[in-house]
2 protein chains.
Amino acid sequence: MNTTNKIKDILSIELEKRGLRKTIERYKILEAIYDRTDHFDVEELYLSLRKQNFHVSRATVYNTLDTLIDCGLVQKHHFGGDGALFEKALGFRQHGHVVCINCNKILEFCDPRLQTIQESVGNIMDFNINDQALIFYGYCKDGCNRNLSDDDKKPD
Amino acid sequence: MNTTNKIKDILSIELEKRGLRKTIERYKILEAIYDRTDHFDVEELYLSLRKQNFHVSRATVYNTLDTLIDCGLVQKHHFGGDGALFEKALGFRQHGHVVCINCNKILEFCDPRLQTIQESVGNIMDFNINDQALIFYGYCKDGCNRNLSDDDKKPD
DNA sequence: TTGTGTGCAAAAGCTTTGCATGTTG
DNA sequence: CAACATGCAAAGCTTTTGCACACAA
(Lines give C-alpha, C1' and ligand atoms only; values in the text may rest on other atoms or scores of the structure.)
Protein backbone atom coordinates (compact mmCIF):
# COMPACT_ATOMS: atom_id res chain seq x y z
CA MET A 1 0.00 0.00 0.00
CA ASN A 2 1.38 3.39 -0.89
CA THR A 3 1.98 6.27 1.46
CA THR A 4 -1.09 8.21 0.39
CA ASN A 5 -3.39 5.32 1.14
CA LYS A 6 -1.65 4.63 4.39
CA ILE A 7 -2.15 8.18 5.59
CA LYS A 8 -5.79 8.10 4.54
CA ASP A 9 -6.30 4.97 6.57
CA ILE A 10 -4.85 6.68 9.57
CA LEU A 11 -7.23 9.57 9.07
CA SER A 12 -10.13 7.14 8.87
CA ILE A 13 -9.14 5.61 12.18
CA GLU A 14 -8.71 8.99 13.83
CA LEU A 15 -12.05 10.24 12.53
CA GLU A 16 -13.80 7.14 13.80
CA LYS A 17 -12.13 7.55 17.18
CA ARG A 18 -13.58 11.04 17.41
CA GLY A 19 -16.97 10.25 15.90
CA LEU A 20 -16.34 12.63 13.00
CA ARG A 21 -17.62 12.18 9.50
CA LYS A 22 -15.50 10.92 6.65
CA THR A 23 -16.05 13.65 4.12
CA ILE A 24 -14.46 13.92 0.71
CA GLU A 25 -13.03 17.30 1.69
CA ARG A 26 -11.11 15.94 4.63
CA TYR A 27 -9.43 13.27 2.54
CA LYS A 28 -8.74 15.58 -0.35
CA ILE A 29 -7.20 18.25 1.85
CA LEU A 30 -5.11 15.64 3.64
CA GLU A 31 -3.86 14.39 0.29
CA ALA A 32 -2.99 17.88 -0.90
CA ILE A 33 -0.99 18.43 2.28
CA TYR A 34 0.90 15.19 1.96
CA ASP A 35 1.71 15.95 -1.67
CA ARG A 36 3.81 18.88 -0.54
CA THR A 37 7.12 18.94 1.28
CA ASP A 38 7.20 22.60 2.26
CA HIS A 39 5.75 24.84 4.93
CA PHE A 40 2.60 26.39 3.54
CA ASP A 41 -0.08 28.79 4.62
CA VAL A 42 -3.84 28.43 4.37
CA GLU A 43 -4.07 30.44 1.17
CA GLU A 44 -1.46 28.35 -0.64
CA LEU A 45 -3.24 25.18 0.32
CA TYR A 46 -6.59 26.62 -0.70
CA LEU A 47 -5.25 27.72 -4.08
CA SER A 48 -3.57 24.39 -4.74
CA LEU A 49 -6.89 22.66 -4.23
CA ARG A 50 -8.71 25.05 -6.53
CA LYS A 51 -6.01 24.63 -9.16
CA GLN A 52 -6.81 20.90 -9.16
CA ASN A 53 -10.41 21.89 -9.77
CA PHE A 54 -11.39 20.65 -6.38
CA HIS A 55 -13.97 22.98 -4.96
CA VAL A 56 -13.65 23.90 -1.29
CA SER A 57 -14.19 27.06 0.68
CA ARG A 58 -11.56 28.73 2.78
CA ALA A 59 -13.69 28.05 5.85
CA THR A 60 -13.52 24.33 5.20
CA VAL A 61 -9.77 24.50 4.75
CA TYR A 62 -9.48 26.20 8.13
CA ASN A 63 -11.85 23.76 9.79
CA THR A 64 -10.20 20.75 8.26
CA LEU A 65 -6.72 21.89 9.22
CA ASP A 66 -7.88 22.10 12.83
CA THR A 67 -9.27 18.61 12.59
CA LEU A 68 -6.08 17.23 11.04
CA ILE A 69 -3.97 18.93 13.68
CA ASP A 70 -6.15 17.40 16.35
CA CYS A 71 -5.65 14.02 14.68
CA GLY A 72 -1.88 14.50 14.80
CA LEU A 73 -1.50 14.49 11.03
CA VAL A 74 -0.58 18.13 10.57
CA GLN A 75 1.51 20.61 12.52
CA LYS A 76 0.99 24.32 12.83
CA HIS A 77 3.84 26.78 13.23
CA HIS A 78 4.19 30.44 14.10
CA PHE A 79 7.42 31.66 12.64
CA GLY A 80 6.80 35.31 13.29
CA GLY A 81 5.49 36.51 9.97
CA ASP A 82 1.77 37.13 9.73
CA GLY A 83 -0.33 34.05 9.84
CA ALA A 84 0.49 30.46 10.60
CA LEU A 85 2.35 27.95 8.48
CA PHE A 86 1.57 24.26 8.32
CA GLU A 87 3.31 21.04 7.42
CA LYS A 88 2.49 17.35 7.43
CA ALA A 89 3.33 15.65 10.68
CA LEU A 90 3.24 11.91 10.41
CA GLY A 91 6.46 10.02 10.17
CA PHE A 92 8.43 13.10 10.92
CA ARG A 93 10.02 13.20 14.32
CA GLN A 94 9.69 16.31 16.36
CA HIS A 95 12.11 18.70 14.79
CA GLY A 96 13.28 22.26 15.10
CA HIS A 97 13.34 24.92 12.43
CA VAL A 98 15.95 27.35 11.24
CA VAL A 99 14.52 30.41 9.54
CA CYS A 100 16.48 32.86 7.38
CA ILE A 101 15.37 36.38 8.26
CA ASN A 102 16.53 37.60 4.89
CA CYS A 103 15.21 35.11 2.35
CA ASN A 104 12.63 33.27 4.49
CA LYS A 105 14.16 29.92 3.77
CA ILE A 106 13.08 27.34 6.34
CA LEU A 107 15.25 24.34 7.18
CA GLU A 108 14.63 21.56 9.65
CA PHE A 109 16.85 19.76 12.10
CA CYS A 110 16.70 17.15 14.79
CA ASP A 111 18.75 17.20 17.95
CA PRO A 112 18.23 14.53 20.59
CA ARG A 113 19.56 16.89 23.26
CA LEU A 114 16.35 18.85 22.97
CA GLN A 115 14.45 15.92 24.39
CA THR A 116 16.75 15.97 27.40
CA ILE A 117 16.04 19.65 27.95
CA GLN A 118 12.32 19.01 27.67
CA GLU A 119 12.47 16.37 30.37
CA SER A 120 14.48 18.59 32.71
CA VAL A 121 12.15 21.50 32.22
CA GLY A 122 9.07 19.35 32.71
CA ASN A 123 10.43 18.07 36.00
CA ILE A 124 11.64 21.39 37.30
CA MET A 125 8.52 23.31 36.33
CA ASP A 126 6.14 20.51 37.24
CA PHE A 127 4.60 20.37 33.80
CA ASN A 128 3.35 17.55 31.61
CA ILE A 129 4.93 18.68 28.37
CA ASN A 130 3.53 17.21 25.19
CA ASP A 131 4.69 19.52 22.46
CA GLN A 132 7.62 21.71 21.66
CA ALA A 133 8.69 24.37 19.21
CA LEU A 134 12.29 25.36 18.72
CA ILE A 135 13.12 28.00 16.14
CA PHE A 136 16.46 29.54 15.37
CA TYR A 137 16.49 32.80 13.44
CA GLY A 138 19.47 34.01 11.47
CA TYR A 139 20.97 34.40 8.04
CA CYS A 140 21.88 31.55 5.75
CA LYS A 141 25.42 31.89 4.55
CA ASP A 142 24.81 30.95 0.97
CA GLY A 143 21.96 31.12 -1.44
CA CYS A 144 20.49 34.36 -0.27
CA ASN A 145 23.45 36.63 -1.10
CA ARG A 146 23.10 38.87 1.86
CA ASN A 147 25.75 41.26 3.07
CA LEU A 148 26.12 40.54 6.72
CA SER A 149 26.20 44.01 8.20
CA ASP A 150 25.65 44.73 11.84
CA ASP A 151 22.30 46.31 11.16
CA ASP A 152 18.94 44.66 11.27
CA LYS A 153 20.10 41.58 13.04
CA LYS A 154 16.94 41.35 15.10
CA PRO A 155 14.01 39.34 13.83
CA ASP A 156 10.64 40.10 15.25
CA MET B 1 20.72 55.67 39.32
CA ASN B 2 17.62 53.52 39.37
CA THR B 3 16.67 50.87 36.85
CA THR B 4 14.08 53.00 35.10
CA ASN B 5 16.57 55.76 34.44
CA LYS B 6 19.19 53.29 33.34
CA ILE B 7 16.90 51.77 30.78
CA LYS B 8 15.94 55.20 29.52
CA ASP B 9 19.57 56.06 29.06
CA ILE B 10 20.05 52.94 27.02
CA LEU B 11 17.12 53.90 24.86
CA SER B 12 18.64 57.35 24.36
CA ILE B 13 21.87 55.81 23.16
CA GLU B 14 20.09 53.40 20.84
CA LEU B 15 17.91 56.14 19.38
CA GLU B 16 20.94 58.32 18.74
CA LYS B 17 22.71 55.42 17.08
CA ARG B 18 19.82 55.11 14.69
CA GLY B 19 19.19 58.81 14.20
CA LEU B 20 15.69 58.48 15.64
CA ARG B 21 13.94 61.16 17.64
CA LYS B 22 13.62 61.08 21.40
CA THR B 23 9.89 61.46 21.76
CA ILE B 24 7.95 61.43 25.00
CA GLU B 25 5.91 58.52 23.70
CA ARG B 26 8.94 56.30 23.25
CA TYR B 27 10.15 56.86 26.79
CA LYS B 28 6.70 56.54 28.30
CA ILE B 29 5.97 53.30 26.50
CA LEU B 30 9.36 51.91 27.46
CA GLU B 31 8.65 52.78 31.08
CA ALA B 32 5.24 51.13 30.98
CA ILE B 33 6.82 47.99 29.61
CA TYR B 34 9.54 47.91 32.24
CA ASP B 35 6.97 48.39 34.98
CA ARG B 36 5.48 45.02 34.16
CA THR B 37 6.84 41.57 34.69
CA ASP B 38 4.43 39.61 32.54
CA HIS B 39 3.93 38.77 28.90
CA PHE B 40 1.48 41.28 27.48
CA ASP B 41 -0.20 42.06 24.20
CA VAL B 42 -0.51 45.39 22.42
CA GLU B 43 -3.99 46.05 23.75
CA GLU B 44 -2.99 45.50 27.37
CA LEU B 45 -0.07 47.87 27.00
CA TYR B 46 -2.24 50.43 25.24
CA LEU B 47 -4.88 50.28 27.97
CA SER B 48 -2.32 50.54 30.77
CA LEU B 49 -1.03 53.76 29.22
CA ARG B 50 -4.50 55.19 28.86
CA LYS B 51 -5.31 54.25 32.42
CA GLN B 52 -2.39 56.42 33.52
CA ASN B 53 -3.97 59.22 31.52
CA PHE B 54 -1.15 59.14 29.05
CA HIS B 55 -2.58 59.70 25.61
CA VAL B 56 -1.23 57.55 22.78
CA SER B 57 -2.78 55.89 19.81
CA ARG B 58 -2.62 52.22 19.07
CA ALA B 59 -0.60 52.99 15.95
CA THR B 60 2.09 54.63 18.05
CA VAL B 61 2.18 51.68 20.40
CA TYR B 62 2.72 49.36 17.44
CA ASN B 63 5.37 51.60 15.92
CA THR B 64 7.17 52.10 19.20
CA LEU B 65 7.20 48.41 19.99
CA ASP B 66 8.92 47.80 16.67
CA THR B 67 11.47 50.45 17.50
CA LEU B 68 12.11 49.04 20.96
CA ILE B 69 12.48 45.55 19.57
CA ASP B 70 14.97 46.85 17.05
CA CYS B 71 16.86 48.50 19.92
CA GLY B 72 16.99 45.18 21.75
CA LEU B 73 14.90 46.42 24.68
CA VAL B 74 11.81 44.37 24.02
CA GLN B 75 11.15 40.86 22.79
CA LYS B 76 8.21 39.65 20.74
CA HIS B 77 6.78 36.16 21.05
CA HIS B 78 4.33 34.03 19.14
CA PHE B 79 2.90 31.48 21.49
CA GLY B 80 0.19 30.25 19.20
CA GLY B 81 -2.80 32.19 20.40
CA ASP B 82 -3.96 35.08 18.27
CA GLY B 83 -1.61 38.00 18.24
CA ALA B 84 1.87 38.45 19.57
CA LEU B 85 2.96 38.82 23.17
CA PHE B 86 5.79 41.03 24.35
CA GLU B 87 8.14 41.29 27.30
CA LYS B 88 11.05 43.45 28.32
CA ALA B 89 14.37 42.12 27.15
CA LEU B 90 17.27 43.84 28.85
CA GLY B 91 19.09 42.06 31.56
CA PHE B 92 17.24 38.89 30.87
CA ARG B 93 19.25 36.13 29.30
CA GLN B 94 17.81 34.32 26.37
CA HIS B 95 15.27 32.02 27.87
CA GLY B 96 12.70 29.49 26.85
CA HIS B 97 9.01 29.45 27.72
CA VAL B 98 6.67 26.81 29.06
CA VAL B 99 3.04 27.44 28.22
CA CYS B 100 0.06 25.75 29.87
CA ILE B 101 -2.46 24.88 27.19
CA ASN B 102 -5.19 24.84 29.77
CA CYS B 103 -4.76 27.95 31.89
CA ASN B 104 -2.36 29.92 29.62
CA LYS B 105 0.16 30.31 32.38
CA ILE B 106 3.59 31.17 30.97
CA LEU B 107 6.78 30.26 32.80
CA GLU B 108 10.36 30.87 31.81
CA PHE B 109 13.48 28.78 32.03
CA CYS B 110 17.12 28.87 31.07
CA ASP B 111 19.09 25.87 29.92
CA PRO B 112 22.69 26.26 28.81
CA ARG B 113 22.42 23.15 26.67
CA LEU B 114 20.25 25.11 24.28
CA GLN B 115 23.23 27.25 23.39
CA THR B 116 25.14 24.12 22.48
CA ILE B 117 22.36 23.01 20.20
CA GLN B 118 22.25 26.43 18.59
CA GLU B 119 25.95 26.26 17.79
CA SER B 120 25.70 22.77 16.35
CA VAL B 121 22.76 23.69 14.20
CA GLY B 122 24.42 26.88 12.98
CA ASN B 123 27.46 24.94 11.90
CA ILE B 124 25.61 22.09 10.28
CA MET B 125 23.12 24.28 8.45
CA ASP B 126 25.66 26.98 7.60
CA PHE B 127 23.63 29.71 9.30
CA ASN B 128 24.57 32.74 11.34
CA ILE B 129 22.01 32.33 14.09
CA ASN B 130 21.28 35.36 16.20
CA ASP B 131 17.99 34.60 17.86
CA GLN B 132 16.11 31.63 19.21
CA ALA B 133 12.69 30.71 20.45
CA LEU B 134 12.03 27.55 22.43
CA ILE B 135 8.54 26.87 23.66
CA PHE B 136 7.25 23.82 25.47
CA TYR B 137 3.49 23.27 25.54
CA GLY B 138 1.78 21.17 28.14
CA TYR B 139 -0.26 21.18 31.31
CA CYS B 140 0.89 22.52 34.62
CA LYS B 141 0.37 19.98 37.33
CA ASP B 142 -0.95 22.30 39.94
CA GLY B 143 -2.79 25.54 40.02
CA CYS B 144 -4.96 24.98 37.01
CA ASN B 145 -6.96 22.01 38.32
CA ARG B 146 -7.14 20.19 35.08
CA ASN B 147 -8.12 16.57 34.69
CA LEU B 148 -5.47 15.04 32.54
CA SER B 149 -7.52 13.04 30.11
CA ASP B 150 -6.16 11.66 26.87
CA ASP B 151 -8.20 14.09 24.86
CA ASP B 152 -7.16 17.43 23.55
CA LYS B 153 -3.49 16.95 24.18
CA LYS B 154 -2.47 18.80 21.04
CA PRO B 155 -1.93 22.52 21.16
CA ASP B 156 -1.98 24.44 17.92
C1' DT C 1 12.76 75.43 9.70
C1' DT C 2 12.79 70.73 8.25
C1' DG C 3 11.42 66.37 8.35
C1' DT C 4 10.28 62.63 11.39
C1' DG C 5 6.72 60.93 14.68
C1' DT C 6 2.13 60.96 16.13
C1' DG C 7 -3.09 60.69 15.99
C1' DC C 8 -6.95 59.31 13.87
C1' DA C 9 -9.63 56.68 10.99
C1' DA C 10 -9.88 53.76 7.37
C1' DA C 11 -8.09 49.74 5.18
C1' DA C 12 -5.96 45.36 4.85
C1' DG C 13 -5.14 40.60 6.00
C1' DC C 14 -6.03 36.46 8.46
C1' DT C 15 -9.42 33.78 10.78
C1' DT C 16 -14.03 32.85 12.68
C1' DT C 17 -19.02 32.79 12.63
C1' DG C 18 -24.02 32.33 11.17
C1' DC C 19 -27.21 30.53 8.39
C1' DA C 20 -28.88 27.83 4.69
C1' DT C 21 -27.83 23.77 2.10
C1' DG C 22 -26.00 19.27 1.40
C1' DT C 23 -24.26 14.79 2.87
C1' DT C 24 -22.82 11.15 6.10
C1' DG C 25 -24.08 7.52 9.15
C1' DC D 1 -33.84 11.38 8.89
C1' DA D 2 -31.12 13.58 12.08
C1' DA D 3 -26.89 15.48 12.96
C1' DC D 4 -22.96 17.22 11.35
C1' DA D 5 -20.00 19.41 7.59
C1' DT D 6 -19.76 22.55 3.98
C1' DG D 7 -20.24 27.04 1.29
C1' DC D 8 -20.73 31.65 1.23
C1' DA D 9 -20.59 36.07 2.90
C1' DA D 10 -20.19 38.92 6.59
C1' DA D 11 -18.10 40.02 10.81
C1' DG D 12 -14.13 40.20 14.13
C1' DC D 13 -9.42 40.97 15.41
C1' DT D 14 -4.96 42.33 15.01
C1' DT D 15 -1.97 45.12 12.53
C1' DT D 16 -0.79 48.50 8.86
C1' DT D 17 -1.38 52.65 6.11
C1' DG D 18 -2.38 57.54 4.58
C1' DC D 19 -2.79 62.08 5.57
C1' DA D 20 -2.68 66.14 8.38
C1' DC D 21 -0.72 68.10 12.32
C1' DA D 22 2.84 68.53 15.96
C1' DC D 23 7.21 68.62 17.70
C1' DA D 24 12.29 67.25 18.14
C1' DA D 25 16.65 68.59 16.24
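Everything numeric here is computed off the predicted structure, so don't read it as measured data. Convention: sequence-line order gives letters A, B, ...; per-chain numbering from 1.
Axis deviation across the helix from C/dT1-D/dA25 to C/dG25-D/dC1 amounts to 40°, comparing end segments of five pairs, rounded to 10 degrees.
Taking the 5' to 3' direction, DNA chain D first and last meets chain B under 4.0 angstrom from a heavy atom at D/dT14 to D/dA25.
The nearest whole Å value for the distance from the CD1 atom in A/Ile69 to the C1' atom in C/dT15 is 13 Å. In this entry the distance linking CG of B/Leu65 with C1' of C/dG5 reads 15 Å, nearest Å.
Both tests hold for B/Lys28 against B/Phe54: distance to the six-membered ring centre under 6.0 Å, angle to the ring axis within 45°.
Remark: the B/Ser120 side chain and the A/Arg113 side chain contain an N/O donor-acceptor pair separated by less than 3.5 Å. In the model, A/His55 has no side-chain atom that pairs as donor or acceptor with a side-chain atom of A/Glu25 under 3.5 Å. Between B/His39 and B/Gln75, the side chains place no donor N or O within less than 3.5 Å of an acceptor N or O (distance only, hydrogens not considered).
Side-chain atoms of B/Thr60 never come within 3.5 Å of backbone atoms of B/Val56 as a donor-acceptor pair (strictly under, hydrogens ignored). For the pair B/Tyr137 (side chain) and A/Ala133 (backbone), a donor-acceptor distance under 3.5 Å is absent.
The ring-ring contact (aromatic ring centres under 6.0 Å, His included) check on B/Phe86 picks up nothing, with sequence neighbours excluded.
Taking each heavy atom of B/Gln52 and B/Ala32 in turn, the nearest pair found is NE2-CB, 4.4 Å. Pairing each heavy atom of A/Gln94 with each of A/Asp131, the nearest pair is OE1-OD1, 3.4 Å.
Within residues 50-63 of chain B, the residues approaching DNA chain D are B/Ala59, B/Tyr62, by heavy-atom distance under 4.0 Å.
A/Glu14 has a carboxylate O that lies under 4.0 Å from a charged side-chain N of A/Lys17, or vice versa, which qualifies the two as a salt bridge. A salt bridge does not link A/Glu87 with A/Arg36: none of the charged nitrogens is closer than 4.0 Å to a carboxylate oxygen.
Residue pairs satisfying the ring pair (Phe, Tyr, Trp, His ring centres under 6.0 Å) criterion with at least one member in residues 111-131 of chain A, sequence neighbours excluded, are absent.
Using cut-offs of 30° and 60° for the angle between ring planes, the B/Phe136 and B/Phe109 rings count as parallel.
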Using nucleotides 22-25 of chain C, report all nitrogen or oxygen pairs with the protein that are shorter than 3.5 Å.
from: C/dT23; atom 1: O2; to: A/Arg21; atom 2: NH1; distance (Å): 3.0
from: C/dT24; atom 1: O2; to: A/Arg21; atom 2: NE; distance (Å): 3.4
from: C/dT24; atom 1: O2; to: A/Arg21; atom 2: NH2; distance (Å): 3.1
from: C/dG25; atom 1: OP1; to: A/Lys22; atom 2: N; distance (Å): 3.1

